[in-house]
2 protein chains.
Amino acid sequence: MCHFWCRHTAILPTEVANPVASSTANKNAPMDAYRQLFDGILSQRLAPGTKLNEVELTQLFSVSRTLIRQALQRLQLEQVVEIHKNRGAFVAAPSPDVAEQILFARHTIELAVVKLACQRCKVTDVLKLQYMIDLEQSAINQGDMATALRRSGEFHLQLAIVAGNQPFVHALRGLISQTSLIITMYNHGGGNACARDEHSQLLTAVKQGDEAQSQKLMAHHLGHIAASCDFTQSPQMANLKGAFAHLGQVQQA
Amino acid sequence: MCHFWCRHTAILPTEVANPVASSTANKNAPMDAYRQLFDGILSQRLAPGTKLNEVELTQLFSVSRTLIRQALQRLQLEQVVEIHKNRGAFVAAPSPDVAEQILFARHTIELAVVKLACQRCKVTDVLKLQYMIDLEQSAINQGDMATALRRSGEFHLQLAIVAGNQPFVHALRGLISQTSLIITMYNHGGGNACARDEHSQLLTAVKQGDEAQSQKLMAHHLGHIAASCDFTQSPQMANLKGAFAHLGQVQQA
DNA sequence: GTACATAATATTGTATACAATATAATAGAA
DNA sequence: TTCTATTATATTGTATACAATATTATGTAC
């Protein structure tokens, strides 16, 4: 299976783990700042709606605001962060409408991806994909659901890489991250209804080059995500302040 | 029809039209710098491979390097510009492989888009789309093929907006721009084989909500682009210097 | 003249300083 | 108290200064 819906107490930006210690004279800092934030969001350490204060981030990552802003802009263009003029950056909080659009776009693109993957998948690709499934499973076994969620996303991305279509990879990078946010927001402690080995089944079908079957499995797999979410209830947030911060200047008593 | 393959003598960055005159105290300069570059590329004023020197751009747009670099990064993330560490930014020059991937991705996404558009297209949407077709046609009538090309792209993007899927809009923005580059590079003065009113036909089908027909027309429409390109010959470039600049440090006598 | 090494220049990468805006805190009036 | 106006603070937006790297030019040996 792909995504997990266990909730974790959201850790605020000030507590983001593993700052790129000032000790190691870091080679390319901009990528690090980006990756730290990206991983933080995908691992649900940074809840949707959380404000990302630039100076706090400079202290955390020991780089200037220039690089922080670079990272934030990139995340914005991946739709994982929203930047509001003169108000700052916030972890994206997709509305139910947008959430549905995101899942639909994934459906469309990933069905095309697995078809391509069936045609192009080499032996080495199978090994790599299998390895990623194993990594995900080991994270599950250790109870580290945040890591499992991130690795699940990486499996899907690797599938696009195997499919050999650059634009699909690019688009999916953002869509997968956003799916993480959607799960965090709309899966209110709901159960986990889908089987644990959907990724394995998918890989088997791809390995055999069975396009129809792999597409069917992918559709089923993605369907579980949408099914597990409740878009009618108000989104689950770490805290109200964060939840409203990304909106305009709204009166809040 | 959608894309045009007439060649224009490529104008170098120093000659980009309409700098955001220092006279008008510009409100949001960053967007302007971005849009100037974006339009320059889509209108084929900036040829693939052209180096985008930061200080030159600062003089052209009368803003600091900070904003120029912001615009360049955004264009990079839309895959319209390539940035090489310590070497600078260049107008993207998609390889034949990547070009094929781009066209395939457009095919996949735009087929989904027209289907959605059939379901959601309102009267006001039809009017807007028709207006954009008229604009494109008037550019053609005036012989301004660069503008026609840009407006053609805007029609496709508007279709995605009508379809109401944000991720599709986002993805297509980059893909359409890249298609412009592909045409510039690989359509070696070839003729224009496709009918002039494909956009109109498409709109008619969408207006009627005929999903099958609109998808068929879209597939046909996109097929013309690929068919008009010759990926076996070396890409057409404005000049050799520009053509090689985006590559690594290659010996050139 | 060619090839290589070295120095001069140009260009990009990063940090900081200042300006503009938004947020918060304070004080005063109803 | 509660609301509003005003001031103070914090935060983001933009420009510039400096550092690191790459590119070009120069000069010397062969």
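Lettering follows sequence order; numbering is per chain, from 1.
A/D39 is linked by a salt bridge (charged side-chain N to carboxylate O under 4.0 Å, His left out) to A/R35, counting only residues two or more places apart in sequence or in another chain. Considering only residues two or more places apart in sequence or on other chains, B/F104 meets the ring-ring contact (aromatic ring centres under 6.0 Å, His included) condition with none of them. Every side-chain hydrogen bond (donor to acceptor under 3.5 Å, both in side chains) that A/R65 has, sequence neighbours left out, goes to A/E54. A/E78 pairs by the side chain to side chain contact (heavy atoms under 4.5 Å, CB included) definition with A/Y34, A/F38, A/R74, A/L75, A/V80, A/R173, not counting sequence neighbours.
Of the residues in residues 66-76 of chain B, those with a non-hydrogen atom less than 4.0 angstrom from any atom of DNA chain D are B/T66, B/L67.
Regarding A/I83, its CD1 atom lies at a distance of 18 Å from the P atom of C/dT21, rounded to whole Å. Rounded to whole Å, atom C1' of D/dA20 lies 19 Å from atom NE2 of B/H84. Residue A/D32 contributes atom CG, which lies 16 Å from atom P of C/dG13 at whole-angstrom precision. Distance CD (A/E82) to P (D/dT12): 15 Å, rounded to an integer number of Å. Taking atom CZ on B/F61 and atom P on D/dA15, their separation rounds to 14 Å, with Å as the unit. Distance CZ (A/R65) to P (D/dA15): 14 Å, rounded to an integer number of Å.
Residues A/L42 and A/L149 fail the side-chain proximity criterion, which asks for heavy atoms closer than 4.5 Å. For the pair A/L52/A/V91, a side-chain contact is recorded, criterion being any heavy-atom separation below 4.5 Å from C-beta on.
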Give me the distances for all protein-to-nucleotides 9-11 of chain D N/O pairs that come in under 3.5 Å?
from, atom 1, to, atom 2, distance (Å)
D/dT11, OP1, A/N53, ND2, 3.3

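Listed for the A/S64 side chain is a donor-acceptor partner under 3.5 Å among the backbone atoms of A/T66. B/N165 places a side-chain N or O within 3.5 Å of a backbone atom of A/Q101 that can act as its donor or acceptor partner.
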